[in-house]
Amino acid sequence: MPEKHYDHNHIELKWHARWENAGFYRAEENSARPKFYVLEMLPYPSGTLHIGHIRNYAIGDALARYKWMRGYNVLHPMGWDAFGLPAENAAIANRTPPREWTRQNIAAMKKTHRRFAFSYDWEREVSTCEPEYYRWNQWFFLKMLERGLTYRKRALVNWCPQCATVLANEQVVEGCCWRHEGTPVEQRALEQWFLKITNYADQLLNDMAGLEEGWPERVLTMQRNWIGRSEGAEVDFHLAETGEPIRVFTTRVDTIYGATCVILAPEHPLNETLLDAAGKARAKAMVDARANRDPGDIEKEGFVTGHFAVNPYSGERIPIWVANFVLMGYGTGAIMAVPAHDERDFEFCRKYDITVRPVIRPVDGALAIEPGMERTFTDDGIVENSGPWSGLPSEEARRQMAAHASARGFGKAAVTYRLKDWGISRQRYWGTPIPVIHCPVCGVVPVPEDQLPVILPDRIEITGSGRSPLENVPEFVNVACPRCGGKAKRETDTMDTFIDSSWYFYRYCDPRNGTMPFDPAKIAYWFEIDQYIGGVEHAILHLIYSRFFTKVMRDLGLVRNSEPVRRLFTQGMVIAEGAKMSKSKGNVVGADPLAEKFGADTARMFVLFGGPPEREVDWRQDGAEGIYRFLGRVYRFVTRNVGHAAGMPGTADKKVLRKLHQTVKKITGDFETRWHFNTCIASIMELVNVLYAEEERISGVAMAEILEKLALMLAPFAPYLSQEIWEELGRDGPVFRQSWPEFDAELAKEDLAEIVVQVNGKLRSHIHVPFGTAPAELEALARADGKVQPFLAGKQVVKVIAVPDKLVNMVVK
RNA sequence: GCCGGAGUGGCGGAAUUGGCAGACGCAGCAGACUCAAAAUCUGCCGGGGAUCACUCCUCGUGAGGGUUCAAGUCCCUCCUCCGGCACCA
């Protein structure tokens with residue numbers, strides 16, 4: 001048959017039209033086949049997909065298609081993280097209502113998704129800004145309220161003047177807003193809603209042991225640091241004048257005889273009574289100075305209060321200071337300073353000439369000399385000059401001293417976390433309304449379940465003034481109290497959008513359920529997620545919140561699994577022609593123009609070929625052209641060989657079939673283990689290079705097998721071309737519903753083993769021998785080899801290493 | 001400062017378990033086809049050297065040391081880049 005020119009638009013648009021409503025990718029509810037749940041992180045509907053999205057989805061899609069061909073019942077859904085600030089900003093900028101703006105964007109992006117033929121079950125599509133979805137955010141909120149996991153408190157919060165909203169601690173990066181680099185975060189006091197994620201701190205930490213198999217170590221480390229569990233003791237010092245306790249947290253009670261002052265955070269409540277007006281002013285100045293600064297840059301400063309504290313162990317009176325490096329937000333907001341055994345305390349005390357008193361000596365050394373001590377000793381050692389505990393090793397001392405405090409009632413062993421409760425209140429319009437009502441008589445009253453969802457009103461004025469725009473909607477705000485029936489007001493805060501993404505993957509399993517967030521039986525079938533794929537930027541926030549939600553849902557009896565995600569894969573970024581893509585640089589590589597210019601198959605294959613999936617990939621125009629050439633090469637080969645004459649000699653059959661089976665073997669192995677799709681595609685290229693070289697010497701029978709398997713192997717990477725080839729071969733049905741090609745391990749094997757011959761570790765020759773040839777024979781053949789002998793002449797062979805099927809190395813003198 | 005990850009041709013990368021460094025692609029060079037160009041096909045393509053030539057020698061994976069018959073791969077010291085954390089008591 002004459003070869004055909006590869007016209008990507010012709011081929012892709014043809015199949016696109018045929019596939020449009022075919023529903024090929026529907027997951028089955030009751031299937032005898034094993035299930036596989038593969039998920040890519042859902043996008044924010046910004047309006048366009050770029051090459052970075054394509055990479056994320058191409059990885060997931062390759063896996064989904066492979067699993068399909070392997071006979072799995074695959075769940076591969078997609079949805080929209082549809083609440084968020086950009087919709088409000090767009091509303092302010094061009095007066096498009098957020099809902100309309102969002103829906104338009106979703107429509108545009110979905111079109112691109114379909115153009116790329118990602119294998120999603122669109123019947124399960126979820127959009128988080130629709131009441132059918134967010135009512136369950138409200139429902140979960142109320143369930144947590146019932147269980148005491150939701151609470152309200154007045155708190156100093158991070159306020160970004162650009163966003164005009166509150167930020168979670170996690171959204172503050174080096175004192176600035178995570179979305180607006182260089183915009184310092186301000187501190188404001190507001191009544192906020194919180195979720196008690198700290199109740200689950202230990203579970204979140206301990207359950208990570210079960211994730212080590214399937215999650216990147218890096219992500220687990222980041223989560224461990226984020227939770228920041230720290231074991232130690234809480235101990236009360238006492239105000240000398242009144243005996244009032246000042247509680248401190250320390251991980252080193254064993255050093256307490258070396259405490260030479262107590263230091264309070266500038267915000268510490270005790271300052272109200274301890275400090276005079278001038279002192280309070282200094283403390284306040286410290287708080288303000290600290291608010292926006294990189295903590296590492298701030299020099300330690302402090303001042304004496306003039307008051308004294310009593311050490312509960314030694315009875316010693318030590319001065320009380322206030323200093324900027326003590327944080328109110330961690331531990332108890334007060335510390336004991338032990339300069340001899342803590343870097344920070346040392347730096348501070350040296351600056352202010354506070355006594356440095358060593359009380360720990362190295363296990364094999366002497367106690368440092370008190371006045372001239374030059375460095376801190378922060379390791380564990382032997383406790384000295386510490387009353388009854390002298391002579392104990394640090395660890396033992398800590399245990400006994402904590403027990404002592406507990407017995408005497410002035411302290412206890414304690415654990416502190418860096419993790420804070422999750423502040424979910426946002427003073428914003430475009431989010432899930434928090435379902436409570438403020439009644440002047442009854443107080444805070446939850447919206448009864450049967451009144452959910454609390455609908456976000458559509459026609460409102462968005463000004464970006466800072467307060468929630470919902471406050472200006474009387475028909476939303478003014479309600480009757482569900483408890484007493486009197487006049488009351490609705491809560492106008494909306495929820496952090498991380499709530500939406502904390503459980504969306506459960507909703508995919510039962511997306512249209514109107515009476516429950518989902519049917520637990522369906523979750524029991526589909527969960528855990530077998531493979532989750534997304535950017536590493538979500539390593540902490542999204543993935544910790546999701547894990548937290550899962551544990552709460554488990555405790556509510558909704559799910560049986562304690563973790564949502566069995567395996568996590570974090571793919572690398574895509575950069576463009578060597579530079580990070582950004583709107584401001586105008587170098588964002590959009591998906592739509594790519595499809596038009598090169599086709600979806602080329603774009604997908606390029607991002608898979610550019611490097612291993614966990615690493616960064618550089619989008620390069622000429623690189624994409626290379627992939628395009630390759631696809632054309634495949635297509636031309638197939639089309640001119642479809643009716644391959646039966647009379648061809650077939651002298652190259654053995655060689656070519658061997659290469660074919662080696663290729664199938666290699667790709668199969670990669671899908672099952674390490675996902676190096678770049679080398680998978682390289683191996684298909686190698687195969688095609690061999691096919692071009694041997695084209696005239698391939699029999700009709702061999703050619704038929706080659707073309708079929710080539711089509712099947714390409715299916716996960718280039719679905720359009722693969723389907724087109726399938727049709728050229730005269731075959732019916734979707735190619736990705738065929739079985740993944742088998743390989744014959746015997747056929748894939750070479751006839752002879754190639755043995756590397758080295759002399760003193762340097763390559764000198766190759767010999768070919770049957771597999772399994774014994775070492776002694778290998779040595780004999782190697783010694784006899786013509787290329788090797790010059791290197792042996794006049795030398796003495798002192799040692800021979802012969803590894804069957806691999807190499808012979810002769811060591812000579 | 002602490003914890004990760006990375007460093008290989010002009011470029012992206014390959015080498016899966018310590019065993020032939022540079023697969024595959026891009027760029028480049030040369031040839032074929034063409035009136036010409038594009039497209040396509042073929043060959044060459046780390047540095048230095050030897051050879052009419054088939055080829056051969058030698059150096060070479062950020063730097064320096066080490067282990068080993070053998071190191072891109074393992075160990076130690078250091079440099080650079082990227083990511084995370086960073087007064088967390």
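A note on names: the letters A, B, ... follow the listed sequences, proteins ahead of strands, and every chain is numbered from 1.
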With rounding to whole Å, what would you report as the distance between [N] and [M] at their [atom1] atoms?
| N | M | atom1 | result |
| --- | --- | --- | --- |
| B:rU61 | B:rA71 | P | 11 Å |
| B:rU80 | B:rA21 | P | 32 Å |
| B:rA38 | B:rC33 | C1' | 12 Å |

Which nucleotide in [options] has an atom nearest any side-chain atom of [X]:
| X | options | value |
| --- | --- | --- |
| A:Lys799 | B:rC69, B:rA14, B:rG19 | B:rC69 |
| A:Val756 | B:rG4, B:rC20, B:rU16 | B:rC20 |
| A:Arg218 | B:rC85, B:rG83, B:rG13 | B:rG83 |
| A:Arg418 | B:rU16, B:rA86, B:rA23 | B:rA86 |
| A:His676 | B:rC41, B:rC24, B:rA14 | B:rA14 |
| A:Lys806 | B:rC20, B:rG19, B:rU42 | B:rG19 |
| A:Phe249 | B:rC69, B:rA89, B:rC20 | B:rA89 |

What contact category does A:Gly610 fall into here, base, sugar-phosphate, or nothing, at under 4.0 angstrom with non-hydrogen atoms?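 Answer is sugar-phosphate: A:Gly610 comes under 4.0 Å of backbone atoms only.
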How is A:Arg764 classified with respect to the nucleic acid when contacts are heavy atoms under 4.0 Å: base, sugar-phosphate, or nothing?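 Sugar-phosphate only.
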Are any of [X]'s side-chain N or O atoms less than 4.0 Å away from OP1 or OP2 of [N]?
| X | N | result |
| --- | --- | --- |
| A:Arg620 | B:rG25 | no |
| A:Arg636 | B:rC41 | yes |
| A:Arg629 | B:rA27 | yes |
| A:Arg640 | B:rU40 | no |
| A:Asn678 | B:rA14 | yes |
| A:Asn689 | B:rU42 | no |

Any ion pair linking A:Glu231 and A:Arg229 (charged N to carboxylate O, less than 4.0 Å)? yes
Show your reasoning for whether side chain to side chain contact (heavy atoms under 4.5 Å, CB included) applies to A:Ile54 and A:Leu594. CA-CA 10 Å; A:Ile54 298 304; A:Leu594 283 184; 5.6 Å; no
Quiz question: going by heavy-atom distance under 3.5 Å, is there a donor-acceptor pair between the base of B:rC82 and the side chain of A:Glu616? no
Does any donor-acceptor pair link the side chain of A:Asn809 with the base of B:rC69 at a separation under 3.5 Å? yes
If you assign each of A:Asp618 and A:Phe609 to its closest nucleotide in RNA chain B, which residue comes earlier from the 5' end?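 This one resolves to A:Asp618.
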More 5' along RNA chain B: A:Gly623 or A:Thr251, using each one's nearest nucleotide? A:Gly623
Would you call the rings of A:Phe677 and A:Trp675 parallel, tilted or perpendicular if under 30° counts as parallel and over 60° as perpendicular?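 Plane angle under 30°, so parallel.
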Please identify which of these residues, A:Glu750, A:Glu686, A:Glu694, meets the salt bridge (charged side-chain N to carboxylate O under 4.0 Å, His left out) condition with A:Lys659. A:Glu686
Check side-chain hydrogen bond (donor to acceptor under 3.5 Å, both in side chains) between A:Glu614 and all other residues, then give those that pass, not counting sequence neighbours.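 Checked A:Glu614 against side-chain hydrogen bond (donor to acceptor under 3.5 Å, both in side chains); zero matches.
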Cation over ring face, A:Arg636 and A:Tyr6, 6.0 Å, 45°: no
